[in-house]
K.L.:
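A single structure is presented below for examination.
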Number of protein chains: 2
Amino acid sequence: MPADRAPTRIQRKNRAAILEAALDVFSSHGFRGSTVDQIAKAAGLSKPNLLYYFPSKEAIFNELMAGLLDTWLDPLRALDPEGEPLEEILAYVQRKLQMSRDFPRESRLYANEIVQGAPRLHDVIAADLNVLVEEKAQLLQGWMDAGRINRAHPKHLLFSIWSLTQHYADFDAQVRTLMGDEDPFDAAPQYLETLYRRMLTPKS
Amino acid sequence: MPADRAPTRIQRKNRAAILEAALDVFSSHGFRGSTVDQIAKAAGLSKPNLLYYFPSKEAIFNELMAGLLDTWLDPLRALDPEGEPLEEILAYVQRKLQMSRDFPRESRLYANEIVQGAPRLHDVIAADLNVLVEEKAQLLQGWMDAGRINRAHPKHLLFSIWSLTQHYADFDAQVRTLMGDEDPFDAAPQYLETLYRRMLTPKS
DNA sequence: CGTGAGTTTGACCAGTTGGTCAAATCAAGG
DNA sequence: CCTTGATTTGACCAACTGGTCAAACTCACG
């Protein structure tokens with residue numbers, strides 16, 4: 001294992017290559033379905049060499065997950081109590097949709113984990129995520145009470161945003177097959193904007 | 001392996017037990033993450049005994065998938081060109097939501113497969129599902145052209161229905177953690193009805 | 001160019017896994 | 001109750017997998 005000192009050039013390069021390869025492999029085969037050998041080969045290293053940089057397969061996975069969750073929740077954190085409610089929500093939807101397009105592997109990695117019961121994530125969800133969701137649900141409820149957007153169950157509203165946006169990353173294989181030549185991300189922004197605008201615009 | 005004759009009482013019972021157990025195990029660990037031993041134990045059989053009824057792990061999985069897909073698409077097939085458009089769509093949404101509540105394992109099994117790129121399902125999706133979706137997208141487009149529901153990209157409309165309803169099964173672990181005591185399925189039907197009603201009800 | 005820390009590798013190990021097989025056990029009809 | 005086919009099992013195997021280790025190699029730096 002590399003010493004506790006500042007990482008050398010080689011260390012930085014190889015650790016980055018491993019995490020990049022691991023994201024690729026884990027996101028398309030799940031934790032259990034991925035082998036250390038696969039990841040090593042994808043990173044251009046031998047298995048023992050990879051294990052020189054990370055103590056175990058699980059350590060790679062955990063580091064990947066830790067890094068992921070933070071960026072994953074940034075768009076929600078950015079929901080601004082001071083902004084115009086409908087525009088804030090629509091912007092959140094679009095930001096989330098962009099993440100599905102630009103970081104589909106991250107989305108699938110997360111999906112893989114949750115679908116299988118979130119065995120390695122349960123604590124994080126119950127703690128950090130729960131607090132954030134509770135806060136933002138309050139915010140949405142406040143906007144609704146003030147008549148600035150239509151009423152709807154705030155948490156279900158958040159779920160629907162996650163669901164609709166991440167669907168384009170998580171079910172990419174299905175969506176693309178059914179869309180043929182058309183790029184799903186051409187019409188998706190418009191579709192989701194229309195959906196949430198119609199749903200939330202308060203009756204004049 | 002059982003002969004090609006009519007299945008005995010024991011054969012019927014054990015094959016059913018195996019498929020039931022396999023649904024449980026596959027849906028919560030994925031194909032690669034499940035072991036034959038796990039399935040056998042869950043079915044109350046020894047591993048060699050299980051392999052007396054199915055030639056391989058993959059054979060179990062395939063039989064499960066084949067049976068699944070048909071029932072999975074039934075609600076969409078039931079979308080009736082003769083019915084009242086908005087009510088037809090709302091009924092479809094509710095039927096799909098009920099399936100997520102009553103058959104979450106089936107939903108997760110399917111999700112697991114698609115998230116990982118649908119390696120074993122690509123052909124089926126490209127063939128059967130594609131035809132059905134093409135047909136129903138036409139139907140929706142017709143309703144929009146006739147001004148009976150609001151305009152929206154028909155395929156994205158279908159994707160959104162799948163996404164929103166299956167989310168409650170596939171992301172159950174996350175949804176339940178964030179909802180606390182409240183059963184997600186209490187408010188979900190109302191939420192989705194409101195969403196699609198607001199979105200699709202034509203401006204008078 | 002020498003040297004010591006950092007890096008890489010082939011050989012290896014123990015546990016797991018999908019699957020086989022011959023022998024043992026069971027069930028049902030004659 | 002006895003025979004025959006259906007069912008079950010313990011022992012076993014080969015391939016794979018996560019991980020170890022000592023030896024070899026490389027590289028930066030004095």
K.L.:
Grab the NZ-C1' distance between B/Lys41 and D/dT9 for me, whole Å please.
P.N.:
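Rounded to the whole Å, the gap is 14 Å.
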
K.L.:
What is the separation between atom CD1 on B/Ile60 and atom P on C/dT17, rounded to the nearest whole Å?
P.N.:
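Value for this atom pair: 15 Å.
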
K.L.:
Identify the heavy atoms of B/Arg197 and B/Leu86 that sit nearest to each other, and give their distance.
P.N.:
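Distance-wise, the nearest heavy atoms are NH1-CD2, 3.8 Å.
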
K.L.:
Does a sphere of radius 6.0 Å around CZ in B/Phe185 hold more than 12 heavy atoms from other residues, nucleotides or ligands, not counting ones at 6.0 Å or beyond?
P.N.:
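Yes, because the 6.0 Å sphere around CZ of B/Phe185 holds more than 12 heavy atoms from other groups.
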
K.L.:
Ignoring backbone atoms, establish whether B/Ser46 has a side-chain N or O less than 4.0 Å from OP1 or OP2 of D/dT9.
P.N.:
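True: B/Ser46 side-chain N/O within range (under 4.0 Å) of D/dT9 OP1/OP2.
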
K.L.:
What is the distance, rounded to the nearest whole Å, between atom CZ of B/Phe54 and atom C1' of D/dT7?
P.N.:
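Computing the B/Phe54:CZ to D/dT7:C1' distance gives 15 Å.
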
K.L.:
In this structure, is the centre-to-centre distance between the rings of B/Phe31 and A/His29 below 6.0 Å?
P.N.:
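For A/His29 and B/Phe31, the ring centres are not under 6.0 Å apart.
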
K.L.:
Measure CD1/B/Ile39 against P/C/dG19 and give the value in whole Å, please.
P.N.:
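Rounding to the nearest Å, CD1 of B/Ile39 and P of C/dG19 are 10 Å apart.
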
K.L.:
Looking at D/dT17, C/dT8, D/dT8, which one has an atom nearest to any side-chain atom of B/Tyr52?
P.N.:
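Closest of the options to the side chain of B/Tyr52: D/dT8.
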
K.L.:
Between A/Leu19 and A/Ile60, does a side chain to side chain contact (heavy atoms under 4.5 Å, CB included) hold up when you go through it step by step?
P.N.:
CA-CA 7 Å; A/Leu19 288 172; A/Ile60 306 175; 4.2 Å; yes

K.L.:
With heavy-atom distances below 4.5 Å as the criterion, would you say the side chains of B/Asp145 and B/Arg151 are in contact?
P.N.:
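The answer is yes, as the side chains (C-beta and beyond) meet within the 4.5 Å cut-off.
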
K.L.:
Begin from the C-alpha positions of B/Met144 and B/Asn150 and carry the test side chain to side chain contact (heavy atoms under 4.5 Å, CB included) through to its verdict.
P.N.:
CA-CA 6 Å; B/Met144 292 172 195; B/Asn150 264 336; over 6 Å; no

K.L.:
Within less than 4.0 Å of OP1 or OP2 of C/dG6, is there a side-chain N or O belonging to A/Asn14?
P.N.:
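Answer is no, no contact under 4.0 Å.
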
K.L.:
Ignoring backbone atoms, test whether A/Thr35 places a side-chain nitrogen or oxygen under 4.0 Å from the OP1 or OP2 oxygen of D/dC16.
P.N.:
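For D/dC16, neither OP1 nor OP2 has a side-chain N or O of A/Thr35 closer than 4.0 Å.
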
K.L.:
Rounding to a whole Å, what distance do you find between A/Arg12:CZ and C/dT7:C1'?
P.N.:
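In whole Å, C/dT7 C1' and A/Arg12 CZ are 16 Å from each other.
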
K.L.:
Below the 4.0 Å mark, does D/dA28 have OP1 or OP2 next to a side-chain nitrogen or oxygen of A/Thr8?
P.N.:
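Checking A/Thr8 against D/dA28: no side-chain N or O falls below 4.0 Å of OP1 or OP2.
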
K.L.:
If you check the A/Gln11 side chain, which of D/dT7, C/dG6, C/dG19 turns out closest?
P.N.:
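Nearest nucleotide to the side chain: C/dG6.
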
K.L.:
Quick check for you: among D/dT9, C/dT17, C/dA27, whose closest atom lies nearest to any side-chain atom of B/Asn49?
P.N.:
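Within the option list, the nearest is D/dT9.
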
K.L.:
Might you list the N or O atoms of the protein lying below 3.5 Å from N or O atoms in nucleotides 20-26 of chain C, with each pair's distance?
P.N.:
none

K.L.:
When the distance from CD1 of A/Ile18 to C1' of D/dG19 is rounded to whole Å, what number comes out?
P.N.:
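After rounding, the reported distance stands at 15 Å.
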
K.L.:
So, for B/Glu20 and B/Arg105, which heavy atoms are closest and what is the spacing to 0.1 Å?
P.N.:
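The pair with the smallest heavy-atom distance is OE2-NH1, 2.9 Å.
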
K.L.:
Expressed in angstrom and rounded to an integer, what is the separation of B/Glu58 atom CD from C/dT17 atom C1'?
P.N.:
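Distance, rounded to whole Å: 15 Å.
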
K.L.:
Taking 4.0 Å as the cut-off, does a side-chain nitrogen or oxygen of A/Arg32 come that near to OP1 or OP2 on C/dT17?
P.N.:
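Yes, because at least one side-chain N or O of A/Arg32 sits under 4.0 Å from OP1 or OP2 of C/dT17.
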
K.L.:
Would one find more than 12 heavy atoms of other residues, nucleotides or ligands at under 6.0 Å from atom CD of A/Glu193?
P.N.:
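Yes - once you tally the heavy atoms of other residues, nucleotides and ligands closer than 6.0 Å, there are more than 12.
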
K.L.:
Between C/dG6, D/dT8, C/dA28, spot the one nearest the side chain of B/Tyr53, thanks.
P.N.:
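So the nucleotide nearest the side chain must be D/dT8.
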
K.L.:
Could you check A/Ile10 against B/Leu50 and say which one's nearest nucleotide on DNA chain D is further toward the 5' end?
P.N.:
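Nearest nucleotide further toward 5': that of B/Leu50.
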
K.L.:
Any side-chain N or O of B/Arg9 under 4.0 Å from OP1/OP2 of C/dA28?
P.N.:
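The answer is yes; a side-chain N or O of B/Arg9 sits under 4.0 Å from OP1 or OP2.
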
K.L.:
Check the distance between C/dT9's P and A/Leu45's CG and give it to me in whole angstrom.
P.N.:
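Rounding to the nearest Å, CG of A/Leu45 and P of C/dT9 are 8 Å apart.
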
